[in-house]
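Read through the structure below, which is laid out as structure tokens, and then see the notes.
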Amino acid sequence: MRIFVSLTKIWRNIGLSASAKKLTTGQHLQSLTGQSSYLSILCISSDHITELITMPAHKPEEDTDLYAAPATVRGMTQLNKNSFRKKLTLPALKVKTDEINKVMKSLKNVALKRPGLKRVVDLGDEAYKLILLDPFKISSSDSFDASQKMILKNYNIDAQIHRYDLTMTYENFKSEEILKAVLPEGQDVTSGFSRVGHIVHMNLRDHQLPYKYLIGQVIMDKNPGITSVVNKTSMIDNAYRNFQMEVLAGEDNMIAKVKENNITYEFDFSKVYWNPRLGTEHDRIVNLLKPGDVVYDVFAGVGPFAIPAAKKKCKVIANDLNPDSYKWLVHNCKVNKIDKNVEIFNLDGREFILGPLKDNLVKQYEVLSSKDTTSIHVIMNLPGMAVEFLDAFRRLLKDQNPVNILPTVHCYSFSKSDKPALDIQQRAENFLGASLEGHCSIHLVRNVSPNKEMMCISFKIPAEVLYNDCPAMEDSAEEPAPKRLRLDEISASTGPQ
Ligand SMILES: C[S@@+](CC[C@H](N)C(=O)[O-])C[C@H]1O[C@@H](n2cnc3c(N)ncnc32)[C@H](O)[C@@H]1O
């Protein structure tokens with residue numbers, strides 16, 4: 001087959017005279033291209049361009065441009081998968097079909113290594129196949145080292161390098177490569193994403209917005225199991241901690257099913273809070289619990305603390321203000337068959353503490369003896385404001401006889417302070433009206449963004465807070481407490497979540 005090759009532009013670039021040449025497919029082009037490391041050729045049949053071929057003109061230095069998506073896709077806003085077709089001419093060895101596996105094993109160091117591209121291709125001759133080679137390692141038979149030459153000799157393989165034209169398509173490129181080729185040069189390709197069941201949730205930046213539908217489609221195509229991609233269109237600033245979203249690609253079905261720490265949860269992702277990065281933290285708290293313990297989950301969401309706690313045979317009293325969270329929490333308790341162990345409320349956190357939590361606590365104290373090993377935990381995961389609910393514990397049991405089993409609170413908070421542990425302890429003390437010095441542990445949950453940490457402070461509610469309030473701290477909600485936790489008391493476990 002003969003093709004016309006227009007080399008005008010390229011030749012100008014590499015200092016050869018502009019002209020058009022006739023070449024035979026497979027002809028070694030190195031002699032025509034001088035020192036240029038890649039040769040890009042527009043193949044013209046009759047009067048229209050049929051394809052763009054890129055091949056190394058000689059053994060190039062290791063880089064990835066050879067496999068990059070075509071430059072012509074830059075600026076594309078509507079995905080056209082055909083535009084990603086690109087021809088590569090790769091070095092290849094002709095090997096007997098029945099020896100192909102053994103030879104491939106012996107020559108794996110020089111075989112083509114590009115995920116998604118086949119290394120062994122048919123020749124149209126049953127007796128032989130081609131092993132495609134890494135063009136960064138082999139360009140001619142001289143590129144083989146002595147041991148590789150020995151392998152070729154042992155298998156009676158002709159060291160002649162064949163040229164194989166391979167077409168890369170949209171399917172062969174990774175999402176990052178596609179987006180890097182499409183989006184303006186030098187700008188961030190994507191800002192990461194989280195996966196919630198079949199949904200990918202993105203938070204695109206301004207410069208990415210013109211490409212948002214293309215980005216959505218690419219992310220969906222390249223992530224098996226994803227059938228919907230959404231972009232956050234507002235900050236999480238509403239009371240229920242969910243956010244507005246726009247569907248960029250795929251179905252408009254936001255009913256997600258996720259598994260966290262081996263427990264299944266279902267919920268409408270557009271209406272409730274769910275953060276796939278909190279699995280480790282949920283597990284950390286659940287690991288502190290033992291069967292028979294009592295757990296009050298003040299801001300329970302769809303149940304990632306409450307349900308595993310109930311599964312562990314704790315008695316759970318859970319609450320959430322969002323009617324949708326309440327509904328899905330009830331649903332998840334049923335799905336996980338623990339609805340008998342969980343009592344669920346749909347109240348504001350303060351009302352919950354002053355009402356159901358207090359009533360239940362009083363009941364627990366009536367049945368617990370002082371020698372009982374049962375622990376009582378109060379989980380408060382609303383990091384933007386949970387500490388502000390701590391004053392609800394002041395004098396909560398003022399009419400009761402003091403009992404020595406004090407509830408342990410796990411209260412979450414964000415901090416932008418450069419001393420986040422001191423910051424959260426101070427704010428907790430202010431709202432409690434008591435010092436926690438020496439009586440709390442503080443855990444760094446995760447880094448939310450530069451300069452913003454999510455922390456968890458755990459402490460037993462001081463008896464003077466529950467029964468009398470602490471006179472020394474009375475009315476000191478605006479004042480910093482005198483003594484602070486040392487930084488070395490933070491239990492920092494910031495592993496990936
Ligand atoms: C950060 S989410 C935590 C949910 C769950 N505990 C988790 O770890 O994924 C906070 C939850 O508190 C609920 N919430 C917000 N304000 C509340 C309030 N004043 N009283 C009770 N729940 C509230 C929200 O609906 C949301 O489900």
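Quantities reported herein were computed from a predicted structural model and do not represent experimental measurements. Counting starts at 1 for both ligands and their atoms, following the listed order. All values below were derived from every heavy atom in this structure, side-chain atoms included, with hydrogens, water molecules and symmetry-related copies excluded.
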Determine, for Asp423 against Lys416, whether the closest basic-nitrogen to carboxylate-oxygen distance falls under 4.0 angstrom.
-> no

Just distances here: any N/O of Asn319 and N/O of ligand 1 closer than 3.5 Å?
-> no

At a 4.0 Å threshold, what atoms of ligand 1 neighbour a non-hydrogen atom of Ser325?
-> 27 (O)

Is the shortest distance from a heavy atom of Ile379 to ligand 1 less than 4.0 Å?
-> no

Any donor-acceptor pair under 3.5 Å from Asn381 side chain to Phe299 backbone | no

Based purely on interatomic distance, does Asp348 place a nitrogen or oxygen under 3.5 Å from a nitrogen or oxygen of ligand 1?
-> yes

Within the 4.0 Å heavy-atom cut-off, what Met385 brings close to ligand 1 is neither

Check whether any heavy atom of Asp320 sits under 4.0 Å from an atom of ligand 1.
-> yes

Salt bridge check: are Glu343 and Lys363 linked by an N-O gap of less than 4.0 Å?
-> no

Do Tyr265 and Val272 have side chains that get closer than 4.5 Å, going by heavy atoms?
-> no

Which of the numbered atoms in ligand 1 are below 4.0 angstrom from a heavy atom of Leu347?
-> 20 (N), 21 (C)

side-chain hydrogen bond (donor to acceptor under 3.5 Å, both in side chains) filter on Arg119, not counting sequence neighbours, yields none

Which of the numbered atoms in ligand 1 are below 4.0 angstrom from a heavy atom of Pro304?
-> 5 (C), 7 (C), 8 (O), 9 (O)

Does the pair Lys290/Asp293 count as a salt bridge with the N-to-O cut at 4.0 Å?
-> yes

Answer with yes or no whether Phe389 contacts ligand 1, where contact means a heavy atom under 4.0 Å from a ligand atom.
-> yes

Would you check whether Tyr273 has a nitrogen or oxygen atom less than 3.5 angstrom from a nitrogen or oxygen atom of ligand 1?
-> no

Please identify which atoms of ligand 1 are closer than 4.0 Å to at least one heavy atom of His282.
-> 7 (C), 8 (O), 9 (O)

Begin from the C-alpha positions of Asp221 and Tyr170 and carry the test side chain to side chain donor-acceptor pair (under 3.5 Å) through to its verdict.
-> CA-CA 10 Å; Asp221 291 342; Tyr170 175 80; 2.6 Å; yes

Hey, is Glu177 close enough to Lys180 for a salt bridge, meaning N to O under 4.0 Å?
-> no

Polar contact flag for Phe305 and ligand 1 (N/O pairs, less than 3.5 Å) | no

ring-ring contact (aromatic ring centres under 6.0 Å, His included) involving Phe345 - partner list, sequence neighbours excluded = Phe352

State whether the shortest distance between N or O atoms of Gly349 and N or O atoms of ligand 1 falls below 3.5 angstrom.
-> yes

For Thr408 and His377, what are the C-alpha separation, side-chain angles and deciding distance, and is it a side chain to side chain donor-acceptor pair (under 3.5 Å)?
-> CA-CA 5 Å; Thr408 301; His377 296 263; 4.8 Å; no

With atoms numbered from 1 as shown, which atoms in ligand 1 lie under 4.0 angstrom from a non-hydrogen atom of Ala300?
-> 5 (C), 6 (N)

With a 4.0 Å cut-off on heavy atoms, does Arg350 reach ligand 1?
-> no

Say whether Leu321, considering both its backbone and side-chain N or O atoms, lies within less than 3.5 Å of an N or O atom on ligand 1.
-> yes

Contacting atoms of ligand 1, where contact means under 4.0 angstrom from a heavy atom of Asn322 = 25 (O)

According to the interplanar angle, ranging from 0 to 90°, do the rings of His282 and Trp274 count as parallel (below 30°), tilted (30 to 60°) or perpendicular (above 60°)?
-> tilted

